[in-house]
Amino acid sequence: MSPEIFISQIFNGLSLSSILLLVGLGLSITFGIMGVINFAHGEFLMIGAYSAFITQSFFIKYLSADLLGFYFFVALPVSFIIAAFIGFILEKFLIRFLYGRTYETILATWGVSLILQQLARNIFGANNVDVSSPTWLRGGITISEGLQLPYNRLFILAISTICIIGMYCFFYRTAKGRVIRAVMQNRTMSACLGVPTSKVDAFTFALGSGLAGIAGCVVSLLGSIGPSTGQNYIIDAFMVVVLGGVGKIVGTIAGALAIGISSSLFEFITTSSMGKVIVFSLIIVFLQWKPQGMFTLKTRKLD
Amino acid sequence: MKKEKLIITIFLLLLVAPIFLSEFRLNLLGKYVSFGIAALAIDLLWGYTGILSLGHAVFFGLGGYCMGAYIKLQTETLPDFMMWCGMTELPWFWKPFQYFWFALPMAIILPIFISLLIGIPTFRVGIKGVYFTILTQALALIFVTFFIGQQLYTGGTNGITNLQSILGFSLSDTKVMQVIYLITVVILIISFLFCRFLVKSNLGRTLIAIRDSENRLKFLGYNPMTYKLFVFAVSAGLAGLAGALFVPQVGIISPSLMGILPSVEMAIWVAVGGRGNLKGAIIGAIVVNFAKSFFSETFPEIWLYFFGLLFVLVVLLFPKGIMGIINNMVNKLKIIKKNRIIHAKADC
């Protein structure tokens, strides 16, 4: 394998990592804070992707053509808000009743994911739709012959970096973030000290869903989107959480980088199906050494 | 004996079903009975030991593939999909599958082997709960991609199709199908008795203890890993057997039967029937699948909504499933009866 191909595979892996990171972060915080495994999380990615599609259709229909290039800057917040809102609704009407019943949340959210996929199929049709990426994202930086870094993947990398820095500042530099971390560490104690835990839960769940929405908006730059778009990422995102550990942003970052880059490398060296087998085996081997994942919250709890 | 009335009635009904069901319906029911065996496997693992595997369709599918390979080699010396890919000779690992005495045990041994392969490294380091569930789910995804990728050896997305005869009997013959159905029911009954024996034994108590408080069990000097591995392997073998019984009734085995969706469906059968209740698992498998085929035939457009709602409602409203509802009603009836007796006595 020539170094150009190697670098471009690493680069593709990085952009996959950044998507997994956005999806995995939401999973990790909702699991860390509420013990809820949200299998409908992939569908929030799909919702984000369709939001981008709707925004673009709106721009094409009602606004002049020279504004079309800027649709993406509208689509990003729109995706975030729509996904976060639906996440908020889901939390209020379903998840709230299932705290601490982790297995049951898997089944219930799985049902929700079936419903949301079918809803998307009925609204947008079973076929995939295309979101044409803005013209200024076409092409890329040519570094040498045979090595070009596409703008859209660079852009994805930038967006997810901004989101992560934003999340970090939010969690570690604001009062609200501190409250969320407190609930994550010890729910009962925080409640005793006057933290409105149910409000924190709803807010965190909406936040995680919104992040998945942004991921969906970003995914729409890479290819066509369909009702099952979310399913392509959800299992990998869960593996990110298992590998990285629950409850720390840095764990999710490390997990996403490891899985994104290694799957894109191994899938290139071998075949796409063998690559998946290798990555999975490597994860199992790694867990032999650190069963809790790369980074974990230190507690004195038994489990 | 009194408690077992329900399950004995169900078994008797299943045994006499060939008399009054049409060929098509009997075939469907046969499928559901084999699902019932898989549901027993899940219940043993989830309901009694508290380990939820969402990769059980892999074991089911592996059993199915073993049986499918055998049936395929009965009528074709070289499977059609290999011929299309330009193979001239049967791969070595396919060869022994032309013998029934090899294929059937493999349908159980292969899933057990895979279950140990995944179980030993995970249970050894104490990975449990949802982490284990997520890993098994990834296992399902990987097996599907792998089987689709190895088209030359597995038939790819289509799987092994056009299965025609078993042990020299044609699979399109009604009589043969009835016999296969009856064998499936008998094996369901044997599996039920076997699982019941397991859960009623001391071992079963240990399993329940693992579910309820694994740490306490550890402090008492038990090593939960051995028990968990054992029950995971038994459960995988049972699921493989179910797959092997499923294939001759359906005549096809494909990767879509071993993915994540069928795995989650298996868990839903048990959740609907009632976790930690072997009768419930069988009832759940049959009821859910009948409901599924009814809804998908009657409302093909919107049946997925029903199905999704079923997941949500069962979890939210009936956490103990059908058996929970039945037990509740029985208890209420008992109380009413008791009150009546007391009143009657008071009247005297």
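Labels below follow one simple rule: chain letters A, B, ... track the order of the sequence lines, proteins then strands, and each chain is numbered from 1.
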Q: Which answer fits A:I235, side chain, backbone, both or neither, if we ask what part of it has an atom under 4.5 Å from a heavy atom of chain B?
A: side chain
Q: For B:A271, is it the side chain, the backbone, both, or neither that has a heavy atom closer than 4.5 Å to a heavy atom of chain A?
A: side chain
Q: Name the option with the most non-hydrogen atom pairs under 4.5 Å to chain B; the candidates are A:Q288, A:M239, A:Q117.
A: A:Q288
Q: So A:L114 and B:L309, side chain to side chain contact (heavy atoms under 4.5 Å, CB included) or not? Walk me through it.
A: CA-CA 9 Å; A:L114 283 183; B:L309 262 180; over 6 Å; no
Q: Counting only non-hydrogen atoms closer than 4.5 Å, does A:I37 touch chain B with its backbone (N, CA, C, O), its side chain (CB onward), both, or neither?
A: side chain
Q: Nearest 0.5 Å, please: how far is CG in A:L243 from OH in B:Y131?
A: 11.5 Å
Q: Out of B:V144, B:L54, B:T145, which one racks up the most heavy-atom pairs below 4.5 Å with chain A?
A: B:T145
Q: When heavy-atom pairs shorter than 4.5 Å are enumerated against chain B, which of A:T271, A:V241, A:T105, A:V277 gives the highest number?
A: A:V277
Q: With a 4.5 angstrom heavy-atom cut-off, is it the side chain or the backbone of A:D236 that approaches chain B, or both, or neither?
A: neither
Q: Is the number of heavy atoms from other residues, nucleotides or ligands under 6.0 Å of B:F306 CZ greater than 12?
A: yes
Q: Tell me, out of B:P319, B:A138, B:A267, who's got the most heavy-atom pairs with chain A below 4.5 Å.
A: B:A138
Q: Contact part of B:I51 toward chain A, heavy-atom cut-off under 4.5 Å: side chain, backbone, both or neither?
A: backbone
Q: Under 4.5 Å from any heavy atom of chain A, what part of B:T122 do you find: side chain, backbone, both or neither?
A: both
Q: What do the steps show when you test B:Q137 against A:F39 for side chain to side chain contact (heavy atoms under 4.5 Å, CB included), and what is the final call?
A: CA-CA 11 Å; B:Q137 196 156 37; A:F39 262 103; 2.5 Å; yes
Q: Check whether B:L139 gets within reach of chain A through its side chain, its backbone, both or neither, counting any heavy atom under 4.5 Å.
A: both
Q: When you look at CZ of A:F286, are more than 12 heavy atoms from neighbouring residues, nucleotides or ligands closer to it than 6.0 Å?
A: yes
Q: Non-hydrogen atoms of chain B under 4.5 Å away: do they reach the side chain of A:F97, the backbone, both or neither?
A: side chain
Q: Would B:L141 and A:F238 count as a side chain to side chain contact (heavy atoms under 4.5 Å, CB included) if you check the C-alpha gap in whole Å, the side-chain angles of each, and the deciding distance to 0.1 Å?
A: CA-CA 12 Å; B:L141 180 73; A:F238 271 116; over 6 Å; no
Q: Looking at chain B, which one of A:R101, A:Q231, A:M274, A:R121 has the largest number of heavy-atom pairs inside 4.5 Å, strictly under?
A: A:R101
Q: Go through the atoms of A:L116 and report whether side chain, backbone, both or neither lie under 4.5 Å from a heavy atom of chain B.
A: neither
Q: Please indicate whether A:K92 has more than 12 foreign heavy atoms, meaning atoms of other residues, nucleotides or ligands, lying under 6.0 Å from its NZ.
A: yes
Q: Could you have a look at A:V279, A:I283, A:N122 and say which one has the most heavy-atom pairs with chain B under 4.5 angstrom?
A: A:N122
Q: With a cut-off of 6.0 Å (strictly less than), are more than 12 heavy atoms of other residues, nucleotides or ligands near CZ of A:F88?
A: no
Q: Determine whether more than 12 heavy atoms belonging to other residues, nucleotides or ligands lie under 6.0 Å from atom OH of B:Y222.
A: no
Q: Against chain A, label B:L52 side chain, backbone, both or neither, depending on which of its atoms sit under 4.5 Å from a heavy atom there.
A: both
Q: Of the backbone (N, CA, C, O) and the side chain (C-beta and beyond), which part of A:L98 lies under 4.5 Å from a heavy atom of chain B, both, or neither?
A: side chain
Q: Is B:I148 close to chain A through its backbone or its side chain, or both, or neither, when contacts mean heavy atoms under 4.5 Å?
A: neither
Q: Between A:L94 and B:V312, does a side chain to side chain contact (heavy atoms under 4.5 Å, CB included) hold up when you go through it step by step?
A: CA-CA 8 Å; A:L94 177 64; B:V312 177; 3.6 Å; yes
Q: Need one label for B:L261: side chain, backbone, both or neither, based on atoms under 4.5 Å from any heavy atom in chain A.
A: both
Q: Which distance, rounded to the nearest 0.5 Å, do you find between the CD1 of A:I234 and the CD1 of B:I134?
A: 9.5 Å
